[in-house]
Structure formats: C-alpha cells, structure tokens
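Accompanying notes for the structure given below.
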Amino acid sequence: MSSVTELGYLGMSVTDLDAWRAYAAEVAGMEVVDEGEGDRIYLRMDLWHHRIALIKGDTDDLAYMGWRLGDPTEFEAMVEKLTNAGVAVTVASDAEARERRVLGLAKLTDPGGNPTEIFFGPQVDAHKPFHPGRPMFGKFVTGSEGIGHCILRQDDVEAAAAFYRLLGLRGSVEYQLHLPNGMVAMPYFMHCNERQHSVAFGLGPMEKRINHLMFEYTELDDLGLAHDIVRERQIDVALQLGKHANDLALTFYCANPSGWLWEFGWGARKAPAQQEFYTRDIFGHGNEAQGYGMDIPLQ
Ligand code: MBD
Ligand code: FE
C-alpha cells in the first residue's frame, strides 16, 4: 500500500507580504526567496527550492498543504487508492506542477475542506546552501521528517482520521483535556514518518483552517534566541514555553503576521510504535494571549 512519506510543503494566503518577510527571516530564521513574481515569496528551511509559499491574497489562512510520495509509481497508486475510496482527486497539469516546483501533483480536499495536495519529486536546490534569514546556531529539523506539523480544522474527527489513514498516516487520540466548561477535548495526532505527528485535529471549532504550524530547530539555543526576539518585539505568545507530553518537544506558540500561530520547537522525540494518551503536558505551556484557539488547559 502506498503511503505519503512527509508533509513536504505548505502554501499560505497572506494579506501582508512585507510583514511576513520580516517575521519569517528575523524571528524564525527562515530564508526568504523572492523570484520577482510579485504575488508571492518563498521560505526555505533546507535545500528544497522552498518549504513554504506565501501568496498575497484577501485572506490570512492555509492555502494548501502538500504530502509527498516517494516516486511516480507510489503517486499513481495513491491516486488510484483515493479514487477507489470515493475521494475526488484531480491530477494537475504540468504548469500547475511547475508552479509548485514538483514533478507530479494532484489536488484534493480533506473532510474539513482543507485544500490538500499529493506530489512527488520536489525541486531541491542542492547547489544553493541554506542561508538563514538571521544568524542561527544550527538548522531546521526537516529531512525525512518533513516540514513539521499542522493543527487543522475538522468538524468530523472520525472522517478526518479515516481520510489521513487513507493517505497512509497512523495515530489516534493522545490527550484527554478537561475543559473549564465540563467538556473533554480529545485531540487526535497522526504521523507518517519519524516526526511524532505531522497533522493533528480535534481541538474544537476554529475560525481558520489552520491553528498552527510547528517547526523544529536542531539546536536548543535557536529556540531560546527566537524566544528572546519574540519577547523583544512583544509578539503575542498564546502558549508559553513548555514541554508536550506526546512528542516531548520544548515549544512556545506565538502569533504570526496572519493572526494564527507558529509553534517554535526543539527536542521532539520520534513517533512511537504504539499509542498512549495523556491528561496534561509535562511542564509550562501556560495560557497567555487569548483568542488564538489555544486557550486550552495543557498544564
Ligand atoms: C502539540 O504539538 C500540540 O500542538 C498540542 C496542542 C498538544 C501536543 C502536541
Ligand atoms: Fe503542535
């Protein structure tokens, strides 16, 4: 059975490209690439042409997410598997694949309505060293673990889990969180490689398609430096520094220029072979700035 191998790229619709240029480079340390197209800039995190496309638009939200397959055979097998399961999949034109800097591309929609793509053969600019947007001690954790993880809006958690299972991800509920209103939130986490989770959902209703993107530094000092810069610039922090019980990553969540969250992290463990669940995080992650959909009791 074919399976996606990583969350390879993201597209984001943004209203303020200039604010994003500064944030991505000076706060996160990503490399900004502008090829003069006018309506978009790219963010590099490694040798890939890009990992994130920022596309000027009327909304500040996820535009699409790209799941990688190993080669054309596995790509075709996935298109067939999805089609047989009744999922509408459109194989994209060569022009559309070129726009994404990949060899092959198909477009579909997940049960939450999130534009989803599968692809193979990303353009890797191996000749062009990664040049961070600000000094960095180390690098971003990518490689076989992909870009990071996303928390997505899904009204029907079961349907979402079935869809991502079809793509080849595995996982389940990893927390039972008792909310002040008496309800229990049971977020669902799924993985397709060593990254502990590449996608998660089930945190309740959300205004946007995406709550946060998590990415990871190889060096603790880069997380500390990013945290200093965020505090210095007085950027909203929704969840303070803390350590998650599931992936053991040290992270904090701060607002990006689109008004949703980026989770800056370091030190995650690898995906487990078997499932377990937790009732709280290990330490920290106190709620600070409200209104970003992360007003949940993790500590
Ligand atoms: C995560 O990355 C996360 O975003 C939440 C809410 C819980 C555990 C790990
Ligand atoms: Fe997260």
Side-chain angles (χ1 to χ4, degrees), residues 6-7 10 12 28 45 51-52 62 65 112 114 140-142 145-154 157 160-161 164 169-180 183-217 223 226-227 230 236-256 258 260-272 275-299:
E6 66 177 279
L7 176 57
L10 285 185
M12 301 173 187
M45 298 169 66
R51 289 288 190 166
I52 297 172
L62 177 71
M65 53 201 312
N114 302 305
F140 290 98
V141 176
T142 56
E145 295 188 40
I147 188 173
H149 73 245
C150 292
I151 304 276
L152 299 178
R153 179 173 67 201
Q154 303 288 350
V157 169
Y164 284 100
L169 288 90
R170 51 195 299 265
S172 129
V173 168
E174 289 185 342
Y175 286 82
Q176 289 185 349
L177 300 168
H178 293 267
L179 306 178
M183 296 191 32
V184 182
M186 299 209 290
Y188 203 108
F189 296 78
M190 300 187 77
H191 64 270
C192 56
N193 54 43
E194 287 205 306
R195 188 175 291 280
Q196 203 273 341
H197 56 284
S198 291
V199 69
F201 39 82
L203 278 175
M206 291 165 38
E207 262 171 58
K208 296 180 188 287
R209 292 170 171 160
I210 190 165
N211 172 272
H212 68 261
L213 163 69
M214 184 267 199
F215 55 87
E216 192 180 345
Y217 296 110
L223 183 70
H227 189 259
V230 164
D236 275 2
V237 171
L239 285 182
Q240 297 164 343
L241 268 173
K243 190 170 175 184
H244 285 306
N246 62 347
D247 61 10
L248 306 186
L250 182 67
T251 74
F252 67 93
Y253 299 60
C254 74
N256 66 38
S258 286
W260 51 278
L261 299 172
W262 270 15
E263 180 183 8
F264 292 58
W266 169 81
R269 71 163 153 177
K270 305 305 175 199
Q275 74 167 102
E276 52 193 42
F277 82 94
Y278 317 92
T279 57
R280 49 161 289 164
D281 268 346
I282 296 172
F283 64 81
H285 282 153
N287 299 113
E288 195 174 299
Q290 303 287 298
Y292 292 99
M294 267 296 157
D295 319 314
I296 50 168
L298 273 174
Q299 97 284 41

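Counting convention: from 1, in listed order, for ligands and their atoms alike.
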| task | Kindly say whether the aromatic ring centers of Phe189 and Phe201 come within a distance under 6.0 Å. | result | no
| note | For Arg195, the side-chain hydrogen bond (donor to acceptor under 3.5 Å, both in side chains) test, sequence neighbours excluded, returns Glu216
| said: Against ligand 1, does Gln196 come closer than 4.0 Å with any heavy atom? | reply: no
| said: Taking 2.8 Å as the limit, list every protein N, O or S atom around the Fe ion (ligand 2), by chain and residue number. | reply: His149 NE2, His212 NE2, Glu263 OE1
| said: I want to check something: taking the side chain as every heavy atom from C-beta on, are Met294 and Glu288 in contact at a cut-off of under 4.5 Å? | reply: no
| task | Evaluate salt bridge (Lys or Arg N to Asp or Glu O under 4.0 Å) for Arg51 paired with Glu6, printing each intermediate quantity in order. | result | CA-CA 12 Å; Arg51 289 288 190 166; Glu6 66 177 279; 2.9 Å; yes
| request: Decide whether Tyr292 and Asn211 meet the rule of one side-chain donor and one side-chain acceptor closer than 3.5 Å. | output: no
| request: For ligand 1, indicate whether the residue Glu174 contacts it via side chain, backbone, both or neither (heavy-atom separation under 4.0 Å). | output: neither
| remark: atom 1 (C) of ligand 1: closest protein heavy atom, distance to 0.1 Å, is His244 NE2, 3.2 Å
| said: Please report whether ligand 1 has a polar contact with Asp281, defined as an N or O pair separated by less than 3.5 Å (distance criterion only). | reply: no
| Does a side-chain heavy-atom distance below 4.5 Å link Tyr217 with Phe140? | yes
| query | What do you reckon, are the aromatic ring centroids of Tyr253 and His285 less than 6.0 Å apart? | reply | yes
| remark: Counting from 1 in the order shown, the ligand 1 atoms closer than 4.0 Å to a non-hydrogen atom of His212 are 4 (O)
| field | Ring centres under 6.0 angstrom apart (Phe215, Phe264) | value | yes
| Just distances here: any N/O of His149 and N/O of ligand 1 closer than 3.5 Å? | yes
| remark: For atom 9 (C) of ligand 1, the closest protein heavy atom turns out to be Asn246 OD1, 3.2 Å
| Are the ring centres of His149 and His197 closer than 6.0 Å? | yes
| request: Look at ligand 1 and say whether Glu263 reaches it with a heavy atom at a distance under 4.0 Å. | output: yes
| field | Donor-acceptor side-chain pairing of Thr279 and Gln176 below 3.5 angstrom | value | no
| task | Among all protein heavy atoms, pick the one closest to atom 3 (C) of ligand 1 and tell me residue, atom and distance. | result | Tyr253 OH, 3.1 Å
